[in-house]
Amino acid sequence: MKRRKAWISWSTGKDSAWALEVARRRGECEIVALLTTVNEKFGRVAMHGVREELLDAQADALRLPLIKVPLPWPCPNQVYEEAMAAAMHRACDEGVESMVFGDLFLEDVRKYREEKLAPTGIEPLFPIWGLDTTKLASEMVAAGLRAHLTCVDPSKLAREFAGRIFDSQLLSELPP
């Protein structure tokens, strides 16, 4: 059986990395590229603010082509939607049938993605949707996923957590 070609919405974060891992394990699609938006003014990933050099290094390490969608700063939603529509047009031209997302629980974001993809015929896939985040974090660490906390909300977590390795020690020190 031929597997569907898929791109993954790549935020540079652990959730998209884990969604890639889960999608590969399931084998229902073949991930053929990473898709991400980049803030042109700052040279950073629009979602997490990660430097473009690190984004490129991640793509190289994964041995996957990287499709960058450049966005101006500031970026009105209409401009964002036009840029993403052009990217989805390219995806269709390249035979992409599915788009993998690392979303966990934001219903409005999922609905938005589904609505925007519906006219393209590209099927949205959410391989880690709704998973218990405590169990998920432990599973990620046990499987060897490597990540660092790049920023924290100091109203919810001590500033000292920024820069820490995402490991079992960190997980044991997180507040409930």
Side-chain angles (χ1 to χ4, degrees), residues 5-25 29-75 77 79-81 83-84 86-88 90-91 94 96 98-106 109-110 112-113 124-129 131 133 136-171 173-174:
K5 286 175 70 174
W7 285 359
I8 183 164
S9 178
W10 190 252
S11 70
T12 67
K14 66 186 180 328
D15 295 344
S16 60
W18 196 249
L20 171 63
E21 173 66 18
V22 172
R24 284 178 166 171
R25 284 182 188 176
C29 61
E30 177 190 4
I31 307 292
V32 297
L34 309 173
L35 173 72
T36 195
T37 53
V38 176
N39 178 307
E40 289 179 302
K41 182 174 181 179
F42 301 108
R44 292 179 178 265
V45 174
M47 178 59 67
H48 290 307
V50 170
R51 293 184 188 279
E52 208 166 343
E53 296 82 14
L54 179 55
L55 168 65
D56 294 336
Q58 288 179 332
D60 289 344
L62 292 167
R63 296 184 184 97
L64 285 170
L66 178 59
I67 293 127
K68 296 178 185 179
V69 178
L71 299 176
W73 178 258
C75 183
N77 196 55
V79 172
Y80 167 80
E81 289 186 354
M84 290 305 290
M88 292 306 95
R90 174 180 171 182
E94 293 183 14
V96 171
S98 299
M99 179 67 71
V100 176
F101 296 97
D103 297 313
L104 287 162
F105 51 77
L106 298 174
V109 173
R110 180 176 176 148
Y112 177 83
R113 297 188 195 289
L125 301 175
F126 300 89
I128 63 173
W129 181 260
L131 297 179
T133 56
L136 178 62
S138 294
E139 184 181 347
M140 290 173 168
V141 168
L145 181 129
R146 293 187 56 208
H148 291 80
L149 293 177
T150 58
C151 64
V152 298
D153 178 347
S155 70
K156 298 188 187 298
L157 197 59
R159 295 175 189 273
E160 294 76 30
F161 277 88
R164 297 258 320 257
I165 295 173
F166 186 78
D167 60 10
S168 55
Q169 169 132 9
L170 171 88
L171 296 179
E173 294 175 16
L174 289 174

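The chain is numbered in sequence order, starting from 1.
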Below 3.5 Å, can you tabulate the donor-acceptor pairs from side chains in residues 152-160 to any protein atom, sequence neighbours excluded?
{"residue": "D153", "atom": "OD1", "partner": "S155", "partner atom": "N", "Å": "2.9"}
{"residue": "D153", "atom": "OD1", "partner": "S155", "partner atom": "OG", "Å": "2.7"}
{"residue": "D153", "atom": "OD2", "partner": "S155", "partner atom": "OG", "Å": "3.3"}

Keeping the roles fixed (side chain from T36, backbone from W10), state whether a donor-acceptor pair exists under 3.5 Å. yes
All heavy atoms of L64 vs all of A33, minimum pair found to be CD2-N, 4.3 Å
Which pair of non-hydrogen atoms, one from A147 and one from K14, has the smallest distance, and what is that distance? CB-CB, 4.3 Å
Student check: side-chain heavy atoms of L131 and F105 closer than 4.5 Å: no
Side-chain heavy-atom pair L20, V100 within 4.5 angstrom cut-off: no
Out of curiosity, L145 CG to W18 CH2, how far, rounded to the nearest 0.5 Å? 6.5 Å
What one should report as the nearest heavy-atom pair of D15 and M140 is OD1-CE, 3.7 Å
Gap separating the CG atom of L174 from the CG atom of L149, nearest 0.5 angstrom: 7.5 Å
Once rounded to the nearest 0.5 Å, what's the spacing between atom CD of E53 and atom CD of Q58? 12.0 Å
For the residue pair M47 and T12, establish whether any side-chain heavy-atom pair is separated by less than 4.5 Å. no
Drop me the distance from I8's CD1 to E21's CD, to the nearest 0.5 angstrom. 10.5 Å
With sequence neighbours excluded, residues passing side-chain contact (heavy atoms from CB on, under 4.5 Å) with D103: F101, V109, R113, F126, W129
If we only count heavy atoms from C-beta on, is the E52 to V38 side-chain gap below 4.5 Å? yes
Hey, does N39 have a side-chain heavy atom less than 4.5 Å from the side chain of L71? no
H48 and its side chain to side chain contact (heavy atoms under 4.5 Å, CB included) partner, picked from C151, S11, S16: S11
Heavy-atom closest contact (L35 atom, A87 atom, distance): CD1-CB, 4.1 Å
Min side-chain heavy-atom separation K68-D56 under 4.5 Å: yes
NZ of K41 to SG of C75, rounded to nearest 0.5 Å, is 13.0 Å
What are the two closest heavy atoms between D167 and L170, and how far apart are they? OD1-N, 2.8 Å
Where do A23 and I31 come nearest, in terms of heavy atoms and distance? CB-CD1, 4.2 Å
